[in-house]
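Notes for the one structure printed next.
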Amino acid sequence: MLTGPYYPRSFTLLVIVAMGVLILPLASGLFNAVHVLQGAVDAQRQFTATSLAVTRDVRQVAEAVGQLQRAAGQYHLLQDAEFGPTLRRRHEELQALLDRLDAPLADTPAYATLAALRARVRTLYRALQPGAFLDSARFHAQAPGFDALHAGARTLLAEADAAVQRDQQALEARLQSTRQRLIGLALALIPLTLLLAGVFSWLINRPIRQMKAAIQQLGRADLSPLPAISGPHDLVELGRELDWLRQRLQALEEQKLRFLRHVSHELKTPL
């Protein structure tokens, strides 16, 4: 009666190992699902923050263009040097907004519109920057430049909205792929868990069935050698005890037969 190489030393340890192995794929699947869902949540959060920031900054570009035009009119039409710092500040604010949009607007059409808008701002500001006042006619001659800035800001807003829509569709596609991945993971874990449960059920029940067969053999008064029990060490030891019990019963049976033969011989012998 030998312990199999795949059995631990005790039946209790075998049950613990079986439970651990069954829990392991479920725990790994749960950990993987949490990790994937956390990535999806982070992507959703990042998309929301980025899209809101881009939309806010693009809308502020249109307002900043209007503020630049108003500051330029106050400086040149009123010819008041006190409005010079305001004109510089409005230009710097508009430039800062355009620079802040440089990284988020990775979309090619929006990026091209942003670059063209930045170039128009530089060209227009060179003509309007504080230093020498422009008369009314020369100032109004810059109106097409401001109209182009307003049109560029509106175009940038439309293209930014379109880019946000495309990013949202890409995020929805990613979430759908994540959902399918989790479903596939669950479908793979179910048969794997059932297979492992079947294997360990066979490993646990095998020595029990062998011991049951040995006990039934003794119950039929069959004292021939018992079937070998392979399993954990404690069950193998129990199998050895059953075999010792068989040998004792066999020895008692032999003594009983010798006694009966002796009695029979004595009865047949005349006094």
Considering only heavy atoms from C-beta outward, does the side chain of Leu68 approach that of Leu87 to under 4.5 Å?
yes

Should Arg179 and Gln176 be marked as a side chain to side chain donor-acceptor pair (under 3.5 Å) after you check the CA-CA gap, both sets of side-chain angles, and the distance that decides it?
CA-CA 5 Å; Arg179 188 180 301 111; Gln176 181 65 24; 2.3 Å; yes

Are the side chains of Gln142 and His76 in contact, using a 4.5 Å heavy-atom criterion?
no

Single-linkage hydrophobic cluster, 4.5 Å side-chain cutoff, Leu52 and Leu101 together
no

Does CZ in Arg248 sit with more than 12 non-hydrogen atoms of other residues, nucleotides or ligands closer than 6.0 Å?
no

In sequence, state the C-alpha distance, the side-chain angles, and the governing distance for Gln67 and Thr86, and then conclude on side-chain contact (heavy atoms from CB on, under 4.5 Å).
CA-CA 10 Å; Gln67 292 173 353; Thr86 302; over 6 Å; no

Is there a path of hydrophobic side-chain contacts, each under 4.5 Å between heavy atoms of I, L, V, M, F, W or Y residues, that connects Phe200 with Leu194?
no

Could you check if a side-chain atom of Val121 sits within less than 4.5 angstrom of a side-chain atom of Arg118, using non-hydrogen atoms only?
no

Rounded to the nearest 0.5 Å, how far apart are OG1 of Thr113 and CG of Leu157?
11.5 Å

Heavy-atom nearest pair, Ala43 first then Arg174, reads CB-NH1, 3.3 Å

For Val54 and Ala160, which heavy atoms make the closest approach, and how far apart are they?
CG1-CB, 4.1 Å

Within the 4.5 Å heavy-atom criterion, are Leu128 and Phe139 side-chain neighbours or not?
yes

Flag side-chain contact, heavy atom, 4.5 Å: Leu196 against Pro25
yes

Using 0.5 Å steps for rounding, measure from the CG atom of Leu257 to the CD atom of Gln255.
10.5 Å

Sub-4.5 Å side-chain heavy-atom contact between Gln129 and Tyr75
no

Between Gly84 and Pro130, which heavy-atom pair has the shortest distance, and what is it?
O-CG, 3.6 Å

Indicate the atoms forming the closest heavy-atom contact of Ala64 with Leu97, along with that distance.
CB-CD1, 3.9 Å

Ser177 side chain to Ala173 main-chain N or O, any donor-acceptor pair under 3.5 Å?
no

Please report the C-alpha distance between Asp243 and Arg240 in whole Å, then the side-chain angles of each, then the deciding distance to 0.1 Å, and finally whether the salt bridge (charged side-chain N to carboxylate O under 4.0 Å, His left out) criterion is met.
CA-CA 5 Å; Asp243 190 66; Arg240 292 192 180 117; over 6 Å; no

Approximate separation, where rounding is to 0.5 Å, of Arg206 CZ and Ile208 CD1
13.0 Å

Atom CG in Asp80, atom CD in Gln74: separation rounded to 0.5 Å?
9.0 Å

Side chain to side chain donor-acceptor pair (under 3.5 Å) assessment of Asp42 paired with Gln38
CA-CA 6 Å; Asp42 292 341; Gln38 184 62 45; 3.0 Å; yes

Kindly work out whether a path of hydrophobic side-chain contacts (I/L/V/M/F/W/Y, heavy atoms less than 4.5 Å apart) joins Leu238 to Leu249.
yes

Show, in sequence, the C-alpha distance, side-chain angles and deciding distance for Gln69 and His150, and conclude whether the side chain to side chain donor-acceptor pair (under 3.5 Å) test is met.
CA-CA 10 Å; Gln69 185 176 9; His150 286 292; 3.1 Å; yes

Would you call the rings of Tyr125 and His91 parallel, tilted or perpendicular, taking 30° and 60° as the class edges?
parallel

Can you tell if the side chain of Val61 reaches within under 4.5 Å of the side chain of Leu117, non-hydrogen atoms only?
yes

Any side-chain heavy atom of Leu242 sitting closer than 4.5 Å to one from Arg246?
no

Kindly determine whether Met19 and Val15 satisfy side-chain contact (heavy atoms from CB on, under 4.5 Å), including the steps that lead there.
CA-CA 6 Å; Met19 293 177 61; Val15 174; 4.2 Å; yes

Would you give the length of the straight line joining atom OG of Ser51 to atom CZ of Arg56, rounded to the nearest 0.5 angstrom?
10.5 Å

Test Gln46 against Thr50 for side chain to side chain donor-acceptor pair (under 3.5 Å), laying out the working first.
CA-CA 6 Å; Gln46 180 66 29; Thr50 302; 3.2 Å; yes

Under 4.5 Å between side-chain heavy atoms, counting indirect links through other Ile/Leu/Val/Met/Phe/Trp/Tyr residues: same cluster for Ile204 and Ile215 or not?
yes

Does the salt bridge (charged side-chain N to carboxylate O under 4.0 Å, His left out) test come out yes or no for Arg89 and Glu92, once each step is laid out?
CA-CA 5 Å; Arg89 186 167 61 252; Glu92 291 172 356; over 6 Å; no

Rounded to the nearest 0.5 Å, how far does CG of Leu182 lie from CG of Asn32?
7.5 Å

Arg138 vs Phe133, test: side-chain contact (heavy atoms from CB on, under 4.5 Å). Steps then yes/no.
CA-CA 10 Å; Arg138 292 172 60 193; Phe133 294 111; over 6 Å; no

Report yes or no: do Leu189 and Val34 belong to one cluster of Ile/Leu/Val/Met/Phe/Trp/Tyr joined by side chain heavy-atom distances under 4.5 Å?
no

